Amino acid sequence: MPPSKKVKPNQEKPLETGNLKNYRFFEDVYDVVRLIPKGRVSSYGAIAAYLGTKLSARMVGWAMNVAHHAHPPVPAQRVVNRNGMLTGKHHFATPTAMEEALKKEGVIVLNDLVQSFSNVFWDPAVELEMRL
DNA sequence: GCATTGACGAAGG
DNA sequence: CCCTTCGCCAATG
């Protein structure tokens, strides 16, 4: 995507529950991601499920892709796929930026894989106890 | 407006 | 187990 192209989340759009034509979806994703504590990670699918669109994990990935210009900042490095793999690392400034950021937060990454994934995994549906 | 493309994930072979 | 297919849906050409 061109750097100048700017996505505008939360435009005045009709809210339709059940699909993602709801532009607020991006904001919701960002809000959840911002709640992920340092040293923990979550997954695209878990976040999608928490927001009620569990079949649309790919949209969470897309939200991360355009999260760069979001304010306040979104710790996108804390979102990995369901196996704990850093599948989004290529979308960061440098190939190692994501891994470095995670390591700085205390998450151990080896070969693009989060170690002790089940221990550091942060499931919004559990941690937030569904208080949407 | 149709076709393709994904930072995904589940299911089927 | 590994590989492919499919559903999902916004963005892009």
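Just so we're on the same page: letters track the sequence lines, and every chain starts at 1. Just so it is clear, the model here is predicted, and its values are computed rather than measured.
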**Q.** Check: A/Val33 and A/Met64 side chains under 4.5 Å, non-hydrogen atoms
**A.** yes
Q. In whole angstrom, what separates A/Phe25's CZ from C/dA11's C1'?
A. 14 Å
Q) Which residues pass the side chain to side chain contact (heavy atoms under 4.5 Å, CB included) test with A/Ala101, sequence neighbours left out? A) A/Gln77
Q: Determine the interatomic distance between P on C/dC6 and the same-named atom on B/dA3; round to the nearest Å.
A: 16 Å
Q. Reading nucleotides 7-13 of chain B 5' to 3', which nucleotides get B (base under 4.0 Å from a protein heavy atom), which S (sugar-phosphate only), which -?
A. BBSS---
**Q.** Pairs where residues 109-123 of chain A contributes a residue and the test side-chain hydrogen bond (donor to acceptor under 3.5 Å, both in side chains) is met, not counting sequence neighbours
**A.** A/Lys89-A/Asp112
Q | Pairs touching residues 32-47 of chain A that satisfy side-chain hydrogen bond (donor to acceptor under 3.5 Å, both in side chains), sequence neighbours left out | A | A/Asp31-A/Arg34, A/Arg40-A/Glu127
Q.
Taking only the P atom of each, what is the distance from B/dA7 to C/dC2 in whole angstrom?
A. 22 Å
Q | Distance, nearest 0.5 Å, that separates CG of A/Leu51 from NZ of A/Lys54 | A | 13.5 Å
Q.
Short of 4.0 Å, heavy atom to strand atom, which residues of residues 101-121 of chain A count as contacting DNA chain B?
A. none
Q) Does A/His90 reach the main-chain N or O of A/Thr87 with its side chain, forming a donor-acceptor pair under 3.5 Å? A) no
Q. Should the pair A/Phe26 and A/Tyr30 be assigned to parallel (<30°), tilted (30 to 60°) or perpendicular (>60°) ring geometry?
A. perpendicular
Q) By side chain to side chain donor-acceptor pair (under 3.5 Å), which residues pair with A/Lys103, not counting sequence neighbours? A) A/Glu99
